[in-house]
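What follows is a short report on a single structure.
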2 protein chains.
Amino acid sequence: MSAEHRNPSEQHRAEARREQILCAAATCFRNHGFHGASIAQISKAAGMSAGHIYHYFDNKEAIIAAIVERDLEYLLTLSARLRAAQDTREAMIEHVTEGVRKSLEPHEAGLKLEVVAEAARNPQVAEIVREADSVCRASLAATLRAIRRADGHHDDEGAIDTMVELLAAMFEGLMIRGIRNPQLDRAAVARRFQATVRQLLTQP
Amino acid sequence: MSAEHRNPSEQHRAEARREQILCAAATCFRNHGFHGASIAQISKAAGMSAGHIYHYFDNKEAIIAAIVERDLEYLLTLSARLRAAQDTREAMIEHVTEGVRKSLEPHEAGLKLEVVAEAARNPQVAEIVREADSVCRASLAATLRAIRRADGHHDDEGAIDTMVELLAAMFEGLMIRGIRNPQLDRAAVARRFQATVRQLLTQP
DNA sequence: GGTTCTAGATTGAACGCTCATTCTATGTTA
DNA sequence: TAACATAGAATGAGCGTTCAATCTAGAACC
């Protein structure tokens, strides 16, 4: 059956297979790291033979790249959702609590840190990560700009960009905090973060 | 020659050899990750045979543990230095610029992120990391408490601990920012961080 | 409707290589 | 000579990857 004659259900099946591999790979990467996880482990977790994985991915690097892309895709949809609440400053401050919870989720944080660590040494992964980060920054900057303007503040581009970096550092740093100090008081941190974000948004 | 008869120069030599291995390992781990770096690579970088490394370390895990400990030892001396400036709030705010610079240093950040990512999955590494983090938090909390009291503020323990978490998240998050967005405006970020820390220290 | 054909899905063994680790032999030095 | 330092080959396991062989399910034809 040639490619152009594939029916929808077959395409769907293939896509499901790919997703199945990516889910298994994400679990393995979380538990053993990108280089610590083997194709044999991934294939076992995905419920298929090792060889069959190579029908869907060229090599292990391609799986890593796909995981990174999938991981960041979620980040992009989140940033889009954030922009939908662009009309109210308070909606953003409300969102802080959920952001703190998400950053502290060890399941999320583990894989994300693995991705960043890999980006620090793998140029191919670094490029994917930086491209996605750039889009997220732009989205967050637009949101901040709207909020600040609505309150009558006049910030130059650089000031907005720097606010974005502070916000990003806070929440990304929280992923590290959750690992280094699992006993931290989540509710108290959420309140403190909320207060800091409010100060940032309302400062002169 | 038995252990109790070793003369100082021999002890020094052995220590130097260990250090030599750790330096080489740090470089390899930075470039390839804990699991991506091989004993063969490390031995080549250290200028000795692969087998000889096993005279100084039981196995690769022990090298990782030693690297983690060495990495965190530096953090502890830094936190001690920070406490020496405990008498003035402004000294701490001054220190922010250096802290930002350090966090953005890709050499430092790469290995530290590798360590945290490993801590997220390796309980042995996690224990070392959490023990060191606990000491650092205590030190930073003492510094904050002193500054706040000197200014006549009365915070409970939890409030101080949460301030510590915010500060830690900001600077640790900056390590991720430096990788995700290498083009960020370092000077502007340093100023913004300084303002945020000042607000944190002087708030009612 | 039943048979044959066919092409993709899937397997599992095999390949060559590299890994962490061990072992043996030799160098060095006090 | 005794005790450690060091090198380098040996070991067996496991790695990523390939590939020939099988399975499966629908298309084509009678």
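We use all heavy atoms of the structure for the numbers below, so side chains are in, but hydrogens, waters and symmetry mates are not. Chain naming here is simple, since letters A, B, ... match the order of the sequence lines and numbering starts at 1 in each.
- Regarding contacts with the backbone of dC19(C), a side-chain N or O of S38(B) is found under 4.0 angstrom from either OP1 or OP2.
- For the pair L140(A)/M92(A), a side-chain contact is recorded, criterion being any heavy-atom separation below 4.5 Å from C-beta on.
- Between E172(A) and K112(A) there is no salt bridge, since no side-chain N of the basic residue sits under 4.0 Å from a carboxylate O of the acidic one.
- As a whole-Å value, the separation of I21(A) CD1 from dA9(C) C1' is 12 Å.
- Looking only at atom types and distance, the side chain of R191(B) has no donor-acceptor partner in the side chain of Q194(B) under 3.5 Å away.
- Counting to the nearest Å, the P atom of dC15(D) and the CZ atom of F34(A) are 18 Å from each other.
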Would you tabulate the pairs of protein nitrogen or oxygen atoms and nucleotide nitrogen or oxygen atoms of nucleotides 22-26 of chain C closer than 3.5 angstrom?
none

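- Taking atom CD1 of residue I53(A) and atom P of nucleotide dA9(C), one finds them 15 Å apart after rounding to whole Å.
- Nucleic acid contact for F57(A): none, since no nucleic acid atom lies under 4.0 Å from a heavy atom of the residue.
- A salt bridge links R177(B) with D133(A); the closest basic N to acidic carboxylate O contact falls under 4.0 Å.
- In this structure, M48(B) atom CE and dG27(C) atom C1' are separated by 16 Å, rounded to whole Å.
- Per the geometry, NZ belonging to K60(A) stands 19 Å off P belonging to dC17(C), to the nearest Å.
- Computed from coordinates, the I39(B) CD1 to dC17(C) P distance equals 22 Å when rounded to whole Å.
- Atoms CD1 and OG1, from I42(A) and T27(A) in turn, are 10.0 Å apart once rounded to the nearest 0.5 Å.
- As a whole-Å value, the separation of I42(B) CD1 from dT21(C) C1' is 13 Å.
- Taking the six-membered ring where tryptophan is involved, the planes of H52(A) and H55(A) are tilted, since the angle between them lies from 30° to 60°.
- Distance E61(A) CD to dT17(D) C1': 14 Å, rounded to the nearest Å.
- Set against dA5(D), dT17(D), dA7(D), the side chain of S49(B) has dA7(D) as its closest nucleotide.
- Remark: H153(B) NE2 to L201(B) CG distance equals 9.0 Å, nearest 0.5 Å.
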